[in-house]
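Starting off with a structure, shown below.
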There are 2 protein chains.
Amino acid sequence: MEFHFLGTGSGVPSTSRNVSGLVVRFLQKKSTQWLFDCGEATQHQILKSPITLTKIDRIFITHLHGDHLFGLPGLLCSRSAQGAKTPLTIYGPDGVETFVKTALTISKSYLSYDIHFISIDEGIIYEDDSIKVEVMGLDHVMPSFAFKLTEADQQGALKVEKLQELGIKPGPIYQRIKQGETIELPDGRIIDGNEFLHEKKQGRKVVIAGDTRPLEQMISFSESANLLIHEGTFREDKKSHAEQFGHSTITEVASIAKRANVDQLILTHISSRYAGAENELEEEVRSVLDGTIVAHDLMVYKLMNNV
Amino acid sequence: MEFHFLGTGSGVPSTSRNVSGLVVRFLQKKSTQWLFDCGEATQHQILKSPITLTKIDRIFITHLHGDHLFGLPGLLCSRSAQGAKTPLTIYGPDGVETFVKTALTISKSYLSYDIHFISIDEGIIYEDDSIKVEVMGLDHVMPSFAFKLTEADQQGALKVEKLQELGIKPGPIYQRIKQGETIELPDGRIIDGNEFLHEKKQGRKVVIAGDTRPLEQMISFSESANLLIHEGTFREDKKSHAEQFGHSTITEVASIAKRANVDQLILTHISSRYAGAENELEEEVRSVLDGTIVAHDLMVYKLMNNV
Ligand SMILES: [Zn+2]
Ligand SMILES: [Zn+2]
């Protein structure tokens, strides 16, 4: 998975950070791309990135503040102008559909593809063979959500050499062995498929959170995640300000990530007041959790496969 | 007047041209600023320009296509975030108000200032001592409008030397002379105020047109204008394409501007297919009307006072 941070600022765009937008590119899935939040000019940021608009087939909106939402109508229209035919599913709180439909209707925009709107609450909102998306409510000044992406565990590969040593030749039987079945061979031998499988590869777990105050439940929700992408709007000295406006400080988040045993924390949604002070930000947060990254616009983070 | 071309592209943003946005800055009016159209990321373009968002007090929308409209909610919210208190008036076709109010309501955006919406049709939509704004309907695939800004004529300055030669000293009487009154002086002499006034300075006339097919009525509407800012989406070879989608070719517009005796034509809303071919565009259009300018993003055009 590749994470393309399109907009890492908060509230209003600045010359150094755009408002929220993040694309996850699944390298193993024919470069399917999912967009998380769509602040104004997200499509402009995509123009500066390797992301292809027509390949985005799911969009997830964490909450309805303008800096996470107002780029949606324009992005949808441009996806159409580029000739996209494949349907698009948009997951978000109640209200996304009304906003998008009003914008498209008033501007007489007729799209070249279908949109499905799915109103989110808690629980699993998407699942296929390879990945599942789960939602948890957060603590902001309006309903706001975190998404957990959990890959399916990958079955261990066949121990082909071992099979061939025993004279078991490739054929339909290999599929049954792969399922871990117990099988009677033509010569009467009985084998346990599991003995011919390498260890399962555990699926990766990534949590992408919307705007929120620090939340105790985030610790269990992101327990042992490979990656937690979380807002960190303010530094510790603005703690009461953060609390008032429903945001987190960077050290509060680092402490949560530490207690959740997260492999990697990336902070985004950074207040523009810290422009030029990125190093101090990173220093402050790393005093709590070493290795934490403060995202910047157009940053790409590659998440390795589990071994 | 200064014209700040924020976005000069058409339909969708590209790396070289943003979608429509144009600010007129009135240098003589305490740098009042008016915005014409507000495509997505107009506020981002403002960040790269000398324009101050809080000083924009009127916004004019030519038509409701997304590339002229979708930047409005974000720009309004940022104007509020910057602490603007002065009211804002938005002129545009029916639908602007619904779009803006839906966006603000759903995103729970509470602005720090009042907005007045004025639905436009034909005729004069604004007038004060120094300027008047008039609207004409155009010929697009949806209702689209042109705005004509006409400055009030400026009264000629007093011929102070001539007055002093005649022994007429400064005082309230100068105000009456300025009005062109006929006045009896204390010593019985009768003077005609008009004889002590320099010639009137004619107000400037500027037409800013939305998307349209070439329109015969534009000739009278922009007759002798100092400046005509008009779309020129396509070159002549795409004439039937332009016709189909309600647009003009650059030479069609040049021909109109010529017949209207316009001092300066500036073309905008340029199709992204001409990226890199700006010189050829200018060559083609100047073969019809010399001096025509093809606008580019962040271009500033200063319109001189009439002499
Ligand atoms: Zn936000
Ligand atoms: Zn347009």
Side-chain angles (χ1 to χ4, degrees), chain A residues 7 9-19 38-48 53 61 63-82 92-111 140-143 272, chain B residues 7 9-19 38-48 53 61 63-82 92-111 140-143 272:
Chain A
S10 81
V12 297
S14 72
T15 48
S16 55
R17 294 184 189 273
N18 196 36
V19 286
C38 189
E40 184 177 353
T42 292
Q43 63 162 323
H44 295 66
Q45 294 293 87
I46 286 177
L47 288 176
K48 300 179 197 158
L53 199 43
I61 302 294
H63 66 296
L64 300 178
H65 274 150
D67 59 325
H68 299 253
L69 180 68
F70 286 166
L72 202 43
L75 180 135
L76 298 179
C77 289
S78 292
R79 187 178 187 269
S80 179
Q82 287 176 22
D94 260 349
V96 174
E97 183 168 0
T98 303
F99 170 64
V100 168
K101 286 190 169 167
T102 301
L104 297 181
T105 303
I106 280 178
S107 62
K108 294 202 196 304
S109 305
Y110 309 104
L111 303 185
H140 192 40
V141 294
M142 63 155 61
S272 64
Chain B
S10 81
V12 296
S14 71
T15 47
S16 54
R17 294 184 189 274
N18 196 35
V19 286
C38 189
E40 184 178 352
T42 291
Q43 63 161 323
H44 296 66
Q45 295 294 86
I46 286 177
L47 288 177
K48 301 177 195 159
L53 198 45
I61 302 294
H63 66 297
L64 300 179
H65 274 151
D67 58 325
H68 300 253
L69 180 67
F70 286 167
L72 202 43
L75 181 136
L76 299 178
C77 289
S78 291
R79 186 177 188 270
S80 179
Q82 287 176 22
D94 261 348
V96 174
E97 183 169 0
T98 303
F99 170 63
V100 168
K101 286 191 169 166
T102 302
L104 297 181
T105 303
I106 281 178
S107 62
K108 295 201 194 305
S109 305
Y110 309 104
L111 304 184
H140 192 41
V141 292
M142 64 155 62
S272 65

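Letters go in sequence order (proteins before strands), and every chain restarts at 1. Quick caveat, the model's predicted, so the values are computed rather than measured.
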* So what's closer than 4.5 Å to chain B heavy atoms on His44(A): side chain, backbone, both or neither? ->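 For His44(A), the contact with chain B is made by the side chain alone.
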Between Ser107(A) and Gly66(B) the two heavy atoms that sit nearest each other are CB-N, 3.7 Å
#### Entry: Least distance between heavy atoms, Val12(A) atom then Ser78(B) atom
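Closest approach of Val12(A) to Ser78(B), heavy atoms only: CG1-OG, 3.5 Å.
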Partners meeting side chain to side chain donor-acceptor pair (under 3.5 Å) with Lys108(A) (sequence neighbours left out):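 Partners of Lys108(A) under the side chain to side chain donor-acceptor pair (under 3.5 Å) test: none.
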Requested in this report: Go through the structure and list residues passing side chain to side chain donor-acceptor pair (under 3.5 Å) with Ser10(A), not counting sequence neighbours.
Outcome: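 Testing Ser10(A) for side chain to side chain donor-acceptor pair (under 3.5 Å), a comparison that skips the adjacent residues, returns none.
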Applying a strict 4.5 Å limit to non-hydrogen atoms, the region of Ala81(B) in contact with chain A is side chain
Between Gly71(B), Ser109(B), Gly11(B), which shows the greatest number of heavy-atom pairs under 4.5 Å with chain A?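 Looking at each of Gly71(B), Ser109(B), Gly11(B) in turn, Gly71(B) comes out on top.
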- Message: Show the nearest heavy-atom pair for residues Phe70(B) and Gly74(A), with the distance to one decimal.
- Response: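 Result for this residue pair: CD1-N, 3.6 Å.
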Counting heavy-atom pairs under 4.5 Å with chain B, the top scorer among Thr98(A), Leu64(A), Val141(A), Asp67(A) is Leu64(A)
Whatever's closer than 4.5 Å to a heavy atom in chain B on Asp94(A) counts as neither
Scanning both residues in full, the closest heavy-atom pair of Pro13(A) with Leu47(B) reads O-CD1, 3.6 Å
Please classify the contact of Ser80(A) with chain B as side chain, backbone, both or neither, using a heavy-atom distance under 4.5 Å.
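When you check distances to chain B, no heavy atom of Ser80(A) falls under 4.5 Å.
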(request) With a 4.5 angstrom heavy-atom cut-off, could you sort out which part of Thr105(A) is near chain B: side chain, backbone, both or neither? (result)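 The answer is neither part of Thr105(A).
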Cut-off 4.5 Å, heavy atoms of chain B, and the answer for Leu76(A) is neither
Cut-off 4.5 Å, heavy atoms of chain A, and the answer for Leu72(B) is neither
Working to the nearest 0.5 angstrom, can you tell me the gap between Glu40(A) CD and Thr42(B) OG1?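 The CD atom of Glu40(A) sits 7.5 Å away from the OG1 atom of Thr42(B).
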Whatever's closer than 4.5 Å to a heavy atom in chain A on Leu69(B) counts as side chain
